[in-house]
Every structure is written in C-alpha cells, then in structure tokens.
Colleague: 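Quick one: structure below, then a few questions.
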Amino acid sequence: MASDSCETPPWLQALNPEQRRAVEATEGPVLVLSGAGTGKTRVLTTRLAHIIASGLAAPWQVLAVTFTNRAAREMKDRLTAMIGPATEQIWLGTFHAVALRMLRRQPDCVALRPNFTVLDADDQLRLLKQIVQDDGLDPKRHSVQGLMAMVQRWKDRGLTPDQVTPEPAEPLPAARLITLYRRYQERLLALNAVDFGDLLLHALTLFKTHPDVLTDHQNRFRYILVDEYQDSNVAQYLWLRLLARPRYNICCVGDDDQAIYSWRGAEVDNILRFEKDFPNARVIRLERNYRSRPHILKAASGLIEHNKNRLGKALFSGVSAGEETPWEESREKKVLVRGVWNDLREAEVVVEEIDSDHLRGRSFNQMAILVRASFQTRMFEERLIVLAIPYRIIGGVRFYERQEIRDAIAYLRVIVQPDDDLAFERILNVPKRGLGPATVRALHVLARAEGGSLQAAAERLLTTPKTARASLRTLMESLAAWRIAATILPPAGLVARVLEESGYTAMLWHAEHTPDAPTRLENLKELVRAVGGFEDLVEFLEHVSLVMEIDPGAEDDRVTLMTLHAAKGLEFDAVFLPGWEEGLFPHQRALDGGGAKALEEERRLAYVGLTRARHKVMISFAANRRVYNQILSAIPSRFLDEIPPDAVERHSDSGVYAGPRRPRRIGT
DNA sequence: AACCCGGAAATTTTT
DNA sequence: TTTCCGGGTT
C-alpha cells in the first residue's frame, strides 16, 4: 500500500492531520463529520485520487455518490485536475443518476423495458390524478398533491405497495391508499416509466430480488464514497448497506448540523446511527474551519448549540480568513442585524448595502442574498433592477419545467418511446388540431381494450375507415417520419424540424396576443442550442430528466439570489439573510406541526446560511410584510436571540420592535 | 371544440 | 392579487 511508503505522496501534503487521516483510512467503514468550510470536498476528491493513485482500486471499481448534480460536477472537475481522464471511469454521480445507470443495464429485472422514461413531478401528478379519478375519488376533496407526497414518502423509505403498513389517521382508509399506490405503480410499469422515487426503490428491489446482480456490483465496487450523508433517506441507506457488503469499505461524509431535507424523506438518524450500523466504524471529525471569519463562526456555533439532537462538533478558525481583500473593515467585525419597517424597505436597505460594497471595490460575484422561500426574491429583484445591479437567480422556475420546453420534450419522448402515453396525450392537441377530449377518450377505451399504448390505439383507429380523422392521420404520419429522421439527423436538427413541422412554432408566432410568446420562442431556441451539445437523443432526454437545469452561462459579475436550501455547499464573501421573522424563518409550517424536530431543522437552515459567508453577514427582518394581498406583522426571529450578543451589531429603524431583552438602538 | 366565467388555491425547501 | 382548474355555454 502506498501509505506505507516512506515518501509522502504529493497529494497528501496539502492536508491538515485530520483531513489526512480521513483520506488514508481507506479500509472499513469511516464516517467523516465535516463541519461547514472544513475542506470536505478536498478530502473527498483527495481520497478518491489516493485510492486510485496508490493502486488500491481501478477507477471503475470506485463508486462515489453525491446528492446534487452540482456536487457531482464539482467533484468530477476537481478530480480531473488531479488524476486526469481516469476520472471518467469512476462511477461518480448523484444517487439518482447512479441508480438509473444500474437500472438501464438490467431493466427487465424490475419489469421495465429498455428505453424506459423518467417522469418528472408534473407527469407524476397527472398520472396519479388519472388514477384517483378512475377510482371515483374527487381530486378536489383529496388533494392529489397530498397523496403524491404520501407515495413519495413510502418510496423514500424503500417500501413497495406490498410492504406499506397501514397508518391510522389518514384521510382515506389505509387499504384504499395502498390500492392507489399499487395502481400507480402498475400504471408506471405499463407506461414503461419510472418516477424519481422509483429510481432508488427499483435499484433497491433489483439488489434484493437478484442476488447475482448484487454480487456483481459488490465485487465491482471495492470502495464507496458518499457525500452529504446526513441527507440520505432510508431507501438510499438500505441500498448502500447492501452494496457495501462484505468489505464495508464505505466512507460517508456529512454534517448533521446541515441536515435540511427531512421534508424530502432524509433521515438525520442515518448519520447519527452510523457507528451502530457499521460496527468498528472510524469517526473522524473535521472542525478546522478555513472559510469564515471568527465572528461569523461564533454566531453560527452559538446558534446551532440550541439544537439538542446533534452529534456535537465545534468549529474553530483554521487560519485568519482575510488576507489582502477589500473586505477588511472594522465595522464588519460583527454580524450586522437590521430591523426595518417593511419588506420594501428591507429590499432597499440590502440592495443599498450591496451597492456601497460594490463601490468599495467588492465584486458582485461574491455577494449572495439567501432567502427562506423563493417568493422573497421578487422584491429584491425589483430593487436590483432599479439600481441597475446585475443579478442571477438560482432555482426559481427551472428551464425544463417551462411549458413550451416540456411540450417540445414530450414530442421527443413520443418519438423515442412509443409507449409513453403521458407525452403522447400532452402533444396530441398541442398545437390544436381538433383532437380534443372526445378523441382522447376514444383512444383510452381502445388502448385499454387492447392492452396497448395510446399510439398503438391511434394507429388502430386509423384502420377503421369510419372514425378515421384526417388530423390524427397527419400526426401519426409525422411521427413516423420523425422517427426515421431521428436515425439520420443530429438531435438538434431533429428538434428544430419537429418544432417546425408540428406547427408548434407557428402556433406561438401566431399567438401575438399572449405577451410571453416571444420569450417562449426564445426558450425554444435555447432548447435547440442545449440539444446541440448532445450526439444522441436518448442521452439528451436522460440528461433532461436528471439534471433539470440548463448550463449556466459565462461567469460574469452578478449578485446571486437563491434559497437557503440551494446555497448549501457554496460560499461567498458576503451573505445577506433577509426575512428573519417568526412565521417566515422559522417558517410557519415548522412552527405549526413538526414540533421540536421541525424547529431544529429550521435552525440548521439558519446555520447553513450563516456559514456560507467568508467575511460579512447581514441579517435583516421586517416588522410588516406583504403576503398575498394582506400586510402581515411579525416579530423578529427567535434565532436572532440565539446568536451570541457579542457577535452581533444591531440597528433597527425607528418604531421597529427589535426583539426581547436586548436594548435596541434607534435610527441610523 | 373553443370560449367564458367563477371559485379556489397559492408560497418552503428539490433529486 | 394572480393564476389555474373545472364546469357550463355557445
């Protein structure tokens, strides 16, 4: 083993002792508890490089799973810089991407056929709604979204319809819910489709029902790395446990203080239980923070200490964070807290601060406004536009969720995958071609009678001369033509042709009365451009269903606006945290139902926000905020009182309730 | 099949 | 307030 050699390999030299231990502890289960800004990504990438460079395993014998696409991309980039093209051979990706890759190899093992589709949230809802209606339930009385959430939660826990245990206190009898779940799963299989939760559920089923497949994978993966382990759900945990056997060379990296996804089925318990789950596990703590200035660390640590359910970890400052940066100023030795009259004023104050920072030579790139809920960004956008400050929003309405993009993609799906009824139904009458509900109903009846797809039913319908509709014939002929074209044209060319020949662009061009038609046309052009980066249509569709976002443009100097959730893993010189009010942050939903657990998660979210900052944090709260049409009053967030007072400098506008206990300063 | 109207929900966070 | 959905009418 390379670590036995006398010379220290160069890639280890840049690490501190704890990091180095985390990298060199290759055998057996290891939990790396890495606090914010302690060099987690460096440890992960170095560990991978170390395993490969010292010959412990070939690249393709290593599996590294992340939670987000961004984390996967970042790791890939940094690893490529270290070990070059061998990176490509590592199994590196999000849980969902890796699971999908495995399922693609053996779709038949979980009753799928090749080329199965990955449905997005919108398709899932549509499908479930159909099932709910078929069951004679009124979608209005029983929220389809609520039912969907329930199904997803089951899937997050790795439960198939057969394994779901009846739960009391649900809106419907348990047996009926399970039937809905079962029908939903049956419909998905019939459509040759999976939803997001299925990727993991099926991957788990694959291992459970096919021991030979599991053994193959166990033999292949000598080393497993897991990022953001605190965000894993039960299904992911079970899947990892199976896969890691019998060597248990599994290294999980995470921070229980940054667990913010329980609403999506993540189990903080996974990380809290690690030592029990994996006997003889080594636990390595990374607590040396290289990111934030001491006052920020103090504020963040003081806040998170109010959580009871945590492993306990204390960050300390690794180096003095600031050398020669434009951020050295005396008044920013504390976390600034501003209390203002209303949300409008809050936007003014924050954007003014951003503007004056910029005038002092600080770049917009290094400033971020992190909000609790995405609707908060609007007010800031308006203000930024007034002062002509460039900004970018991360998250928001995602590119591939826009209507016109989903329509275009539905066309592609119909071409690639004739069984995809959802996509077919979506495009059947878009643009309008006289194929309305009556036609859809007829097709459904026929499809059900013959046990085939809607497209098969459509072909069949055309053979019965009496009912044959000219426009349906035209559509089916077009589809056939596009299918042939797909084998010749590059994907981008095909998309352009489909949009043209289907009449879709004509429809938009014609629709001058709708103000956003030009934007939509623009988006479609953007889509063609995005498709241009792919050589294979199927590959593109895969990318769409997993990545959901389009490559960000060139890095220019802009302020970033995003939610706190989206900010995890990022860092900025200055971070602005608006909306620290009871009811907004902590969010009302957390205060209503969830009890202490939900509140602790909100607190962790606040912790994540604070620890994104290198040099400067400004928190703000508004006494009044416009929600819908009404103006709501709120008192400052309890989190403000939980930050150690000596790490904070408060200024509140006159007349603004500044919170209990502390004397307030008036005016500035 | 296309249009109009009224009522209800919307705003937590995402692979 | 706006937007979306479903039902009813033309």
Side-chain angles (χ1 to χ4, degrees), chain A residues 65-72 93-100 118-122 124-126 129 133 138-141 143-146 149 152 155-156 194-201 203 227-228 231-233 235-236 258-266 370-379 394-398 400-401 403 428-429 432-441 469 471 516 543-549 562-569 579 583-594 598 601-602 604-606 608-609 625-632:
Chain A
V65 281
T66 65
F67 199 65
T68 64
N69 291 305
R70 191 181 63 210
T94 62
F95 272 102
H96 293 85
V98 170
L100 177 61
V118 182
L119 299 186
D120 62 24
D122 198 66
Q124 291 172 40
L125 274 179
R126 264 167 217 260
K129 192 170 172 189
Q133 279 170 334
D138 182 3
K140 273 189 180 158
R141 292 200 34 154
S143 131
V144 179
Q145 279 182 32
Q152 291 304 341
K155 292 190 174 181
D156 288 338
V194 299
D195 67 15
F196 260 96
D198 279 341
L199 289 174
L200 290 154
L201 187 63
D227 188 19
E228 306 278 19
D231 287 327
S232 59
N233 61 32
Q236 288 160 338
Q258 293 186 68
I260 53 176
Y261 283 105
S262 75
W263 52 275
R264 223 178 70 188
L370 309 182
V371 297
R372 176 64 182 89
S374 48
F375 77 89
Q376 289 173 265
T377 55
R378 219 195 59 212
M379 198 68 78
I394 297 191
V397 187
R398 285 212 265 315
Y400 290 115
E401 280 172 4
Q403 183 186 300
L428 186 61
N429 205 25
K432 299 222 188 320
R433 45 175 80 90
L435 301 171
T439 314
V440 173
R441 218 172 306 123
R469 303 283 298 258
S471 54
D516 44 41
H543 172 82
V544 170
S545 53
L546 285 182
V547 178
M548 297 307 279
E549 61 188 45
M562 63 178 136
T563 63
L564 287 159
H565 282 86
K568 194 169 71 162
L584 180 59
F585 194 31
H587 195 271
Q588 195 60 47
R589 290 269 267 265
L591 296 175
D592 289 342
E601 179 146 321
E602 294 285 302
R604 290 194 291 267
L605 200 48
V608 167
R625 184 174 295 276
R626 220 186 161 84
V627 182
Y628 303 131
N629 200 19
Q630 316 161 16
I631 291 172
L632 296 180

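What you see below is based on every heavy atom in this structure, not just the backbone, and it leaves out hydrogens, waters and symmetry mates. Chain letters run A, B, ... following the sequence lines, proteins first, then strands; residues in each count from 1.
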Colleague: Any Lys/Arg nitrogen of A:D198 or A:K155 sitting under 4.0 Å from an Asp/Glu carboxylate oxygen of the other?
Modeller: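 Yes, charged N to carboxylate O under 4.0 Å.
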Colleague: If you find the nucleotide of DNA chain B closest to A:L546 and the one closest to A:K432, which residue's nucleotide is nearer the 5' end?
Modeller: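 This one resolves to A:K432.
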Colleague: Donor-acceptor pair, distance only, cut-off 3.5 Å: does the side chain of A:E601 make one with the backbone of A:S262?
Modeller: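 Yes, the answer is positive, given that a donor and an acceptor are paired below the 3.5 Å cut-off.
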Colleague: B:dT13 P sits how many Å from A:E401 CD, rounded?
Modeller: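 It is 11 Å, rounded to the nearest whole Å.
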Colleague: In whole angstroms, how far is the C1' atom of B:dT14 from the CD atom of A:Q236?
Modeller: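 My rounded result for the distance is 12 Å.
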Colleague: Heavy atoms under 4.0 Å, any strand shown: does A:Y261 hit a base, just sugar-phosphate, or nothing?
Modeller: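 Here A:Y261 touches the backbone only, sparing every base.
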Colleague: Looking only at the side chain of A:W263 (C-beta and beyond, no hydrogens), which of the listed nucleotides B:dT15, B:dT12, B:dT14 gets closest?
Modeller: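 Closest nucleotide to the A:W263 side chain: B:dT14.
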Colleague: How many whole angstroms separate atom CD of A:Q124 from atom P of B:dT14?
Modeller: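 Nearest whole value for this atom pair: 16 Å.
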Colleague: May I ask you to evaluate whether A:K129 reaches the phosphate of C:dG6, defined as a side-chain N or O under 4.0 Å from OP1 or OP2?
Modeller: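 Looking at the OP1 and OP2 atoms of C:dG6, one of them is under 4.0 Å from a side-chain N or O of A:K129.
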Colleague: Would you mind telling me which of B:dT15, B:dT12, B:dT14 lies closest to the side-chain atoms of A:R589?
Modeller: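 Out of B:dT15, B:dT12, B:dT14, the nucleotide with an atom closest to A:R589's side chain is B:dT12.
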Colleague: Rounded to whole Å, please give me the gap between CZ in A:R625 and P in B:dT11.
Modeller: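 After rounding, the reported distance stands at 16 Å.
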Colleague: State the CG-CD distance between A:L584 and A:E602, to the nearest 0.5 angstrom.
Modeller: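 Between atom CG of A:L584 and atom CD of A:E602 there are 9.0 Å.
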Colleague: Could you tell me whether A:F67 contacts a base, only the sugar-phosphate backbone, or nothing, with contacts defined as non-hydrogen atoms closer than 4.0 Å?
Modeller: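 Sugar-phosphate: the residue A:F67, judged by heavy atoms under 4.0 Å, touches backbone atoms but no base.
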Colleague: Rounded to the Å, how far apart are A:R433 CZ and B:dA1 P?
Modeller: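 Roughly 13 Å, once rounded to whole Å.
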Colleague: With the side chain of A:S374 defined as its heavy atoms from C-beta on, choose the nearest nucleotide among B:dT15, B:dT12, B:dA2.
Modeller: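 In terms of side-chain proximity for A:S374, the closest of B:dT15, B:dT12, B:dA2 is B:dT12.
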Colleague: B:dT13 P sits how many Å from A:Q152 CD, rounded?
Modeller: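 Between P of B:dT13 and CD of A:Q152: 17 Å.
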Colleague: By nearest atom, which of the nucleotides B:dT11, B:dT14, B:dT12 is closest to the A:F375 side chain?
Modeller: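 Taking heavy atoms from C-beta onward, the closest nucleotide is B:dT11.
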Colleague: Nearest-Å distance, CD (A:Q376) to C1' (B:dA10)?
Modeller: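 So the two atoms are 16 Å apart, to the nearest Å.
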Colleague: From the list C:dG6, B:dT15, B:dA2, which nucleotide is the closest neighbour of the side chain of A:H96?
Modeller: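 Out of C:dG6, B:dT15, B:dA2, the nucleotide with an atom closest to A:H96's side chain is B:dT15.
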Colleague: Nearest 0.5 Å, what's the CZ-CZ distance between A:R264 and A:F67?
Modeller: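 Separation between the atoms: 3.5 Å.
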Colleague: Would you say A:T68 reaches B:dT14's phosphate, i.e. side-chain N/O to OP1/OP2 under 4.0 Å?
Modeller: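 Checking A:T68 against B:dT14: no side-chain N or O falls below 4.0 Å of OP1 or OP2.
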Colleague: Please evaluate residues A:L564 and A:I260 with respect to the criterion side-chain contact (heavy atoms from CB on, under 4.5 Å), reporting the C-alpha separation (whole Å), side-chain torsions for both, the decisive distance (0.1 Å), and the verdict.
Modeller: CA-CA 10 Å; A:L564 287 159; A:I260 53 176; over 6 Å; no
Colleague: Does A:G434 reach a base, just sugar-phosphate, or nothing at all? Heavy atoms under 4.0 Å.
Modeller: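 Sugar-phosphate contact only.
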Colleague: Specify the residue among A:G197 and A:L435 whose closest nucleotide of DNA chain B lies further upstream toward the 5′ end.
Modeller: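 On the 5' side of the pair lies A:L435.
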Colleague: Given the rule in the side-chain contact (heavy atoms from CB on, under 4.5 Å) test, do A:K129 and A:Q124 qualify, once you have shown the distances and angles that lead to the verdict?
Modeller: CA-CA 8 Å; A:K129 192 170 172 189; A:Q124 291 172 40; over 6 Å; no
Colleague: Just checking A:A438: base, sugar-phosphate only, or nothing, at a heavy-atom cut-off of under 4.0 Å?
Modeller: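 Answer is sugar-phosphate: A:A438 comes under 4.0 Å of backbone atoms only.
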Colleague: Rounded off to whole Å, could you give me the CG-to-C1' distance for the A:L201 and B:dT15 pair?
Modeller: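 The distance from CG of A:L201 to C1' of B:dT15 comes to 15 Å, rounded to the nearest Å.
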